[in-house]
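Numbering of ligands and ligand atoms starts at 1, following listing order. Here, residue 1 is the first one in the sequence, and each next residue gets the next number. These numbers were taken from a predicted model, which means no experiment stands behind them.
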Amino acid sequence: MKETLAVYPGSFDPVTFGHLDILTRGLELFDKVIIAIAYNIEKQGLFTFEERKDLIQQSINGNNNVIIDSFDGLLIDYVKKVNARFVIRGLRAMSDFEYEFQMASINRTLNPEMDTLFMMTSKDYFFISSRTIKEVAAFHGSVTNFVPPPVERRLKEIFEKR
Ligand code: PNS
C-alpha cells in the first residue's frame, strides 16, 4: 500500500516544542512527514541550515517516519518534487491566521493540487515562537519549557559569548 506523506515546512530557527507538537500530531494523520527547512530571503536566521537540521534530528529521537530536508525557492515546487500533496502548518492565534491564509491561498492558486492542513497548536504552546524564544535566551532567561534540551544547550552556548 502507498505510504501517505505530508510536508511540514518552516524556518525552524530553532525547532520548538510547538513545532514538535504539530509534528507528532501530523504523524497521526500521515505515515511519513518531511520537515522542510526553508531558505527565507527575508529572514537571516540565528542558526545555519546544518545546525537547524541537527537540532531537529536530536529532538525527534530517531523517528524513522520523519525525514529532515531543506529547500530553496517556492514551496509548491518542493512539494511537487517530493510527490506530496499535503502541507501541514500550525496555527497559534488569530494573528497567525492572516499570513497563513494568504500563503495557503497563493500556494493553492499556484498549484490547485496542493492543500494546506492547519492544526491548532496545543494550549501549552500557543504563545511560543522561535523569535520570542531567541529573545528570552539572548537576555539569559530560561527556555526550558519551550524548546528541547539540545536546542536549550545550543542557545546557551551562543548567548553566553555575547
Ligand atoms: O516558519 P515560517 O518562517 O513561518 O515558515 C514560512 C515558510 C517557510 C513556510 C514560507 O515562507 C515558505 O513557504 N517559503 C517558501 C517560499 C514560498 O513558497 N513562498 C510563496 C508563499 S507566500
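More than 12 non-hydrogen atoms from other residues, nucleotides or ligands lie less than 6.0 angstrom from CZ of F127.
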Sequence neighbours excluded and cut-off under 3.5 Å, please list the side-chain donor-acceptor pairs for residues 26-38, or say none.
| from | atom 1 | to | atom 2 | distance (Å) |
| --- | --- | --- | --- | --- |
| D31 | OD2 | T4 | N | 2.8 |
| D31 | OD2 | T4 | OG1 | 3.2 |

N/O donor-acceptor pairs under 3.5 Å from side chains in residues 146-160, not counting sequence neighbours:
| from | atom 1 | to | atom 2 | distance (Å) |
| --- | --- | --- | --- | --- |
| E152 | OE2 | T144 | OG1 | 2.8 |
| R154 | NE | E51 | OE2 | 2.5 |
| R154 | NH1 | E157 | OE1 | 2.9 |
| R154 | NH2 | E51 | OE2 | 2.7 |

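Ring geometry for F101 versus F97: interplanar angle under 30°, hence parallel rather than tilted (30 to 60°).
Among residue pairs with one or both ends in residues 70-80, those qualifying as side chain to side chain donor-acceptor pair (under 3.5 Å) are D69-Y78; sequence neighbours excluded.
Sorted by chain and number, the residues within 4.0 Å of ligand 1 by heavy atom are G10, S11, A38, K43, F71, G73, L74, L75, R89, Y99, M103, N107.
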For this session: Starting from the C-alpha separation in whole Å, work towards a yes-or-no answer on side-chain contact (heavy atoms from CB on, under 4.5 Å) for V79 and R85.
Result: CA-CA 7 Å; V79 169; R85 177 173 169 212; 5.9 Å; no
